[in-house]
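Computed from heavy atoms alone, side chains included, the values below leave out hydrogens, waters and symmetry copies. Treat the numbers as computed from the prediction; the structure is a model and nothing was measured.
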Amino acid sequence: MGVGIGAVFSRRFAQRSGYSNMSNATFQEIGAVLRANQSFAVLSHVRPDGDALGSQLGLALSLSKLGKKVMVRNEDGLLEKYGFLPGGAFLQTPLGEPQDFDVAVALDTATQNRLGTATELVRSARIWINIDHHPSNPGYGDLVYIDSTAPATGQILFELITSQGLPMDQAIAENLFVAISTDTGSFQYPNTTARTFEIGAELVRCGVDVGRVNQLLYESYPKRRAELLRELLGTMRFEGHGKVASFSLSLKTASRLQARPEDNEGLIDHLRAIQGVIVAVFFEELPEGKVRVSMRSKSDAADVCAICQKFGGGGHKLAAGARVRGTLAEVEEKVLKEICHVVDCNS
Ligand code: 5GP
Ligand code: MN
């Protein structure tokens, strides 16, 4: 991926705890590359969430305001529920032919293969930048900035944009606000720090209308989503004296409800919210003989990223996922058994 131009950058050896093997570029190095180049591909992962889309559009709008040529792509485009994001048109144009870029930027994407077909549009890029907050990110690319203490990639972009004096306005702020709000569960999860609230305040000062954005984000769900939740709760089961809660979605049910993949984003929170539950799991049957497993933890002692990595996935300590080959019943059994190894289900 890319040519070894990254070698010309002196890489700071990050001193943060937990990063002894990871060398991060500095914001200054990344800022210099953003300013010095002209054409950019801004990419993110398949099945994009609010952090992926908000980060992509926030950075794209900033680069665009700087006079750069920007292409923004992910495999699924702009999901309908994020249709209100400023700059969404960037993601609505047809896929088109592969092009050459000066710089390709991967945002919020733990592994290269999670970029999916979006990479096919990049015939070549002289420099690949990888900005992310997933601890499992191996640091692919030429210029890497991974901060697993950041609750959202959008928070890292805020620091990058403001520290480097890159353009910021209401539209950019709104995208970064959505990125941070969605990945922190509306500033609720333990990854939310004092700095996150400070950045939230800064974004409001830049013009984010909190009431309006939150209504669009959290109070405009399609009826389908509530119908899906009703079905999911019907399959709810508990393991380990209520420490593990799960529910599942079969292809048949998804098709009957005409559910879209994005409809289930966040529904797992209904399991996490139950008193006594330490690990919440959502199993979603996929067409290609696989099951998407989505996991949440309420305890540092139950590292769901480590569990998901055993099944070829990854993510964060308290929120992770994997795609596992097998039927719904097979995957449920295997995964729940593994969780019960970590969370003592016998007591
Ligand atoms: P979600 O459960 O919301 O789909 O994902 C939670 C977290 O786990 C996200 O940060 C996401 O990047 C990560 N994740 C979800 N599915 C996968 C997967 O199949 N592979 C990897 N490496 N990470 C995943
Ligand atoms: Mn994220």
Side-chain angles (χ1 to χ4, degrees), residues 1-45 51-52 54-68 70 72 101-112 115 122 125-168 172-173 175-176 179-180 183 191 193-196 198-199 202-203 206 316:
M1 194 168 257
V3 289
I5 195 153
V8 304
F9 296 97
S10 65
R11 290 209 190 156
R12 175 169 65 85
F13 200 74
Q15 296 299 316
R16 271 189 313 279
S17 59
Y19 274 88
S20 51
N21 295 320
M22 188 75 75
S23 61
N24 266 352
T26 61
F27 282 148
Q28 230 172 356
E29 286 170 330
I30 296 174
V33 167
L34 297 182
R35 284 185 188 281
N37 288 279
Q38 293 314 313
S39 64
F40 294 83
V42 179
L43 312 175
S44 191
H45 57 83
D51 189 24
S55 292
Q56 282 191 283
L57 295 175
L59 180 62
L61 287 172
S62 186
L63 289 171
S64 188
K65 214 168 167 177
L66 206 56
K68 311 297 183 184
V70 189
V72 188
F101 296 91
D102 296 333
V103 180
V105 189
L107 296 173
D108 196 44
T109 307
T111 58
Q112 275 163 278
L115 290 170
V122 183
R126 286 191 302 110
I127 304 172
W128 275 85
I129 301 178
N130 170 5
I131 298 175
D132 190 20
H133 68 131
H134 292 95
S136 57
N137 191 312
Y140 59 89
D142 303 307
L143 273 182
V144 179
Y145 195 95
I146 297 160
D147 179 1
S148 72
T149 67
T153 299
Q155 177 161 327
I156 303 174
L157 289 179
F158 175 89
E159 307 283 23
L160 171 68
I161 287 171
T162 52
S163 72
Q164 298 311 303
L166 299 170
M168 171 68 84
I172 296 164
N175 277 294
L176 297 183
I180 296 169
D183 256 24
N191 57 8
T193 64
R195 183 68 189 139
T196 314
E198 282 162 7
I199 291 172
E202 258 326 294
L203 294 172
C206 290
H316 314 273

Novice: So, the side chain of S55 versus the backbone of G154: is there a donor-acceptor pair under 3.5 Å, distance only?
Specialist: yes
Novice: Measuring from atom CG of L59 to atom OG1 of T153, what distance do you get when rounded to the nearest 0.5 angstrom?
Specialist: 11.0 Å
Novice: Is there a donor-acceptor contact under 3.5 Å from the side chain of T109 to the main chain of L107?
Specialist: yes
Novice: Answer whether the closest heavy-atom distance between the side chains of Q164 and I30 falls below 4.5 Å.
Specialist: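 SC-SC contact between Q164 and I30 ruled out.
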Novice: Side-chain contact, heavy-atom cut-off 4.5 Å: L176 with I161?
Specialist: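 Contact flag for L176/I161 side chains = yes.
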Novice: Got D132 and Y140 here, is their nearest side-chain heavy-atom distance under 4.5 Å?
Specialist: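 Counting from C-beta outward, D132 and Y140 never come under 4.5 Å.
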Novice: Give, for atom CD of Q155 and atom OG1 of T193, the distance between the pair rounded to the nearest 0.5 Å.
Specialist: 5.0 Å
Novice: Does atom CD of E198 have more than 12 heavy-atom neighbours from other groups under 6.0 Å away?
Specialist: yes
Novice: What's the separation between atom CD in Q112 and atom CG in N130, rounded to the nearest 0.5 Å?
Specialist: 8.0 Å
Novice: Before giving the answer on side-chain contact (heavy atoms from CB on, under 4.5 Å), spell out for I146 and N24 the whole-Å C-alpha distance, their side-chain angles and the decisive distance to 0.1 Å.
Specialist: CA-CA 7 Å; I146 297 160; N24 266 352; 4.2 Å; yes
Novice: Do you know which two heavy atoms are closest between V122 and A41, and how far apart they sit?
Specialist: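 Closest heavy-atom pair between V122 and A41: CG2-CB, 3.9 Å.
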Novice: Shortest non-hydrogen contact from I131 to L157?
Specialist: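 Closest heavy-atom pair between I131 and L157: CD1-CD2, 4.1 Å.
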Novice: Counting C-beta onward and ignoring hydrogens, is there a side-chain heavy-atom pair between V33 and D142 closer than 4.5 Å?
Specialist: no
Novice: Between S62 (side chain only) and P167 (backbone N and O only), is there a donor and an acceptor less than 3.5 Å apart?
Specialist: yes
Novice: Among residues at least two apart in sequence or on other chains, which ones pass ring pair (Phe, Tyr, Trp, His ring centres under 6.0 Å) with H45?
Specialist: none
Novice: Please give me the minimum heavy-atom distance between Q56 and S44, naming the atom from each residue.
Specialist: NE2-N, 3.3 Å
Novice: Search all heavy atoms of C206 against all heavy atoms of M168 and return the closest pair with its distance.
Specialist: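 C206 and M168 have their closest heavy atoms at SG-CG, 3.9 Å.
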Novice: Can you confirm whether I156 sits close enough to F27 that some side-chain heavy atom of one is under 4.5 Å from a side-chain heavy atom of the other?
Specialist: yes
Novice: Determine yes or no for a side-chain-to-main-chain donor-acceptor pair under 3.5 angstrom, with R126 supplying the side chain and N37 the backbone.
Specialist: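 Checked: no pair found.
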Novice: So which heavy atom on A60 is nearest to which on V72, and how close?
Specialist: CB-CG2, 3.3 Å
Novice: For a side-chain contact (heavy atoms from CB on, under 4.5 Å) check, start with the C-alpha distance between I172 and L166, then their side-chain angles and the critical distance, and finish with the verdict.
Specialist: CA-CA 11 Å; I172 296 164; L166 299 170; over 6 Å; no
Novice: If I compare all heavy atoms of L160 with all of G31, which pair ends up nearest, and what's the gap?
Specialist: CD1-N, 4.3 Å
Novice: Please determine, by modelled atom types, if D51 and H133 share a side-chain donor-acceptor pair under 3.5 angstrom.
Specialist: yes
